[in-house]
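Before any comments, here is the structure.
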Amino acid sequence: MGMSIFYILLLFIVIAALIAVETKDLLSSVICVGAIGFGGSLMFLFLRAPDIAITQIVVEVLGLIILIRATISRDLTFITGDREFFGMVVSIVILFVIFLVGLKVFETLPDFGTSIFSIAPDAPSRTYIKDGLSGTGAANLVSAVILDFRAYDTLGEASVLFTSIIGATVILRKKSRKLLEETDE
Amino acid sequence: MPYALCFLLFMIGLYCAVVKKNMVKIVIGIMIMEYAVNLMLVMLGYHFGGVMPIVERDQMISADGQIAASFISASVDPLPQALVLTAIVISLGSLALLISICIRTYERYGTFDITDIRRLKG
Amino acid sequence: MKGMSLIVKTIGSWVKMLIFVFGVYIVLFGHLTPGGGFAGGVILASSYILLMLAFGKEQAQKNLPLSLVSRLDCLGAILFVFIAVIGLAFGGAFFVNFLHRQYWPGEPFALISAGIIPLSNIVIGLKVGASLFMVVFILSIFRPESPGDKKE
């Protein structure tokens, strides 16, 4: 098996992304975003990350529900074309230059298949793997890293999620304030 | 080479967010960029023949939690997985915020087309 | 928003209980098997979203009113900071795992072990589940007025 499964899944994801970007029907592009999410979840499974695979699938399903609610229940499912021609050509040229420059940066990274922490002798991941079970008592090392070694990051994530949900609720507030007041007794 | 395909995915999302006129297409482009970044971070921590970072019962040597050396040398990196786990849930929250802005704009202007919305220009 | 047909309602009322129990399992065993608070919280939210989609919005409002959901969300956030501050009081640093180091070191691979981590998983699962259910519910009950009368 080896590397070929990664190439097949990555090719599937790139083709689905191209279809999602270029098609004129909004329903088709939303379905292609769902295909990207499922392909990504399979990639995470083959990259030995089961927590992330579970999270990616359920988040993908909820994201599809939110996207379809916004687009399909309105009347507008066919869209007109792109912006004017000159702006599009300039953007494509600039993006292509960024892509070529970015490919040169990847030569400083190790190849795919040797992880970053094996070439750095004082990486913190060595401490996390060695002292994970004895320092925290949890068998799942990813949970130990999230909730014990790096719990500040989880606090930051909880506050960011809280803020964005409050923002979304406040923006959509006009009809739902009556509903909150009715059920508030 | 897999890194290059992941970077190509990021560029496709960036093209979609910059060039397209429909608001929902712009939101889809931002989501594709987020998927590409999460995938790239987890790919950095993988090495061939790795096992997932969950300790099995027979890999514990002593009663207070020492782990066998075969696991320590073969496990993949748990740190990028921890960071990507929170990033995926945050991307769902930001998708909800973006879609609520799109719905409000559609209610007020009647279209998803950003070149028809003329209030913010100049 | 009305509900769906009779077949969907019958099967939905059984499947949502299965999804809820599965979500509780993933949250509780987060320190032993893959999963944890975030994945389990999203699964808990999706069980109530299934209730809302299959039965309509009025039934979902009766089952779990929106004011209760927003209070659960805030309760989850406050409890998470409370656990951290207790760690400061008993252990000397913010977020220290005081239950595992001093008071209650269980044995590994048991359900009650690893100190603070199962409690944090439960609190995070509660918070994430309540937040995501609230935002999808409010997105569904939003009913716009007549569009397109403001274009110059």
Side-chain angles (χ1 to χ4, degrees), chain A residues 6 10 13-14 17-18 20-21 26 29 33 36 40 43-44 47-52 55-56 59 62-63 66 70-71 74 76 79 82-83 88 91 95 99 102-103 106 112-117 125 128-130 133-134 139-142 145-146 150 153 157 160-161 164-165 167-168 171-172, chain B residues 2-5 7-9 11-12 14-16 18-22 24 28 31-32 35 39 42-48 50-55 60 64-67 72 75-79 81-82 84-86 88-90 92-97 99-104 106 112-113:
Chain A
F6 293 124
L10 272 174
I13 290 177
V14 166
L18 279 173
V21 165
L26 267 183
S29 55
V33 168
I36 296 177
M43 271 292 286
F44 287 137
L47 287 171
R48 312 289 195 265
D51 307 281
I52 303 181
T55 311
Q56 170 77 22
V59 161
L62 280 191
I66 290 180
T71 67
R74 315 280 182 230
L76 202 67
I79 51 177
D82 305 332
R83 290 191 182 163
M88 191 165 90
S91 326
L95 285 177
F99 182 62
L103 279 185
F106 285 127
F112 177 66
T114 51
S115 57
I116 289 274
F117 80 100
S125 303
Y128 295 156
I129 295 180
K130 211 175 348 163
L133 190 52
S134 55
N140 187 357
L141 290 181
V142 177
V145 169
I146 288 186
R150 299 233 163 190
D153 301 340
E157 183 271 343
V160 167
L161 193 64
S164 71
I165 297 296
I171 287 180
L172 292 174
Chain B
Y3 293 153
L5 280 176
F7 192 53
L8 179 66
L9 188 68
M11 280 293 138
I12 290 175
L14 188 58
Y15 160 77
C16 180
V18 162
V19 166
K20 297 292 175 180
K21 266 195 318 194
N22 194 357
V24 181
I28 285 179
M31 293 208 60
I32 295 180
Y35 285 150
L39 203 53
V42 177
M43 279 208 289
L44 279 178
Y46 176 70
H47 66 93
F48 287 127
V51 296
M52 44 183 207
I54 295 180
V55 183
M60 188 173 70
D64 63 340
Q66 302 295 323
I67 311 178
I72 294 182
S75 150
V76 297
D77 201 353
L79 186 58
Q81 298 187 12
V84 165
L85 193 60
T86 56
I88 289 180
V89 181
I90 286 178
L92 187 61
S94 72
L95 171 70
L97 189 60
I99 289 293
S100 70
I101 292 178
C102 287
I103 289 182
R104 269 296 191 195
Y106 182 77
F112 273 135
D113 203 347

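So that the names make sense, note that chain A is the first sequence line, chain B the second, and so on, each numbered from 1. Quick note: numbers below take in every heavy atom, side chains included, and nothing from hydrogens, waters or symmetry partners.
Contact detail for A/L47 and B/V42: the closest heavy-atom pair is CD1-CG1, 4.0 Å.
In this structure, B/K20 and A/V21 have side chains that are in contact, with non-hydrogen atoms separated by less than 4.5 Å. Taking 4.5 Å as the limit, some side-chain heavy atom of B/I12 sits within range of a side-chain heavy atom of A/V14. Between B/V55 and A/N140 there is no side-chain heavy-atom pair separated by less than 4.5 Å. The shortest distance between side-chain heavy atoms of A/I171 and B/L97 falls below 4.5 Å. Proximity of A/V145 to B/Q81: side-chain heavy atoms (C-beta onward) are nowhere separated by under 4.5 Å.
In this structure, chain B has heavy atoms under 4.5 Å from both the backbone and the side chain of A/V59. Interface remark: B/I88 contributes backbone and side-chain atoms alike to the contact with chain A (heavy atom separation under 4.5 Å). With a 4.5 angstrom heavy-atom cutoff, A/D153 touches chain B only via side-chain atoms. For chain A, the nearby part of B/Y35 is the side chain; its heavy atoms alone come within less than 4.5 Å.
For the set B/L44, B/L5, B/L95, the entry with the most heavy-atom pairs within less than 4.5 Å of chain A is B/L44. Chain A forms more heavy-atom pairs under 4.5 Å with one residue of B/P78, B/P53, B/C16, B/G93 than with any other, namely B/P53. The candidate with the highest count of non-hydrogen atom pairs below 4.5 Å against chain A, out of B/V84, B/L14, B/I90, B/I32, is B/I90. Counting heavy-atom pairs closer than 4.5 Å to chain A, the top residue among B/P2, B/A82, B/S94 is B/P2. With respect to chain B, the highest number of heavy-atom pairs below 4.5 Å among A/L103, A/L18, A/I165, A/I146 belongs to A/I146.
By the 30° and 60° cut-offs, the orientation of the rings of A/F99 relative to B/F7 is parallel.
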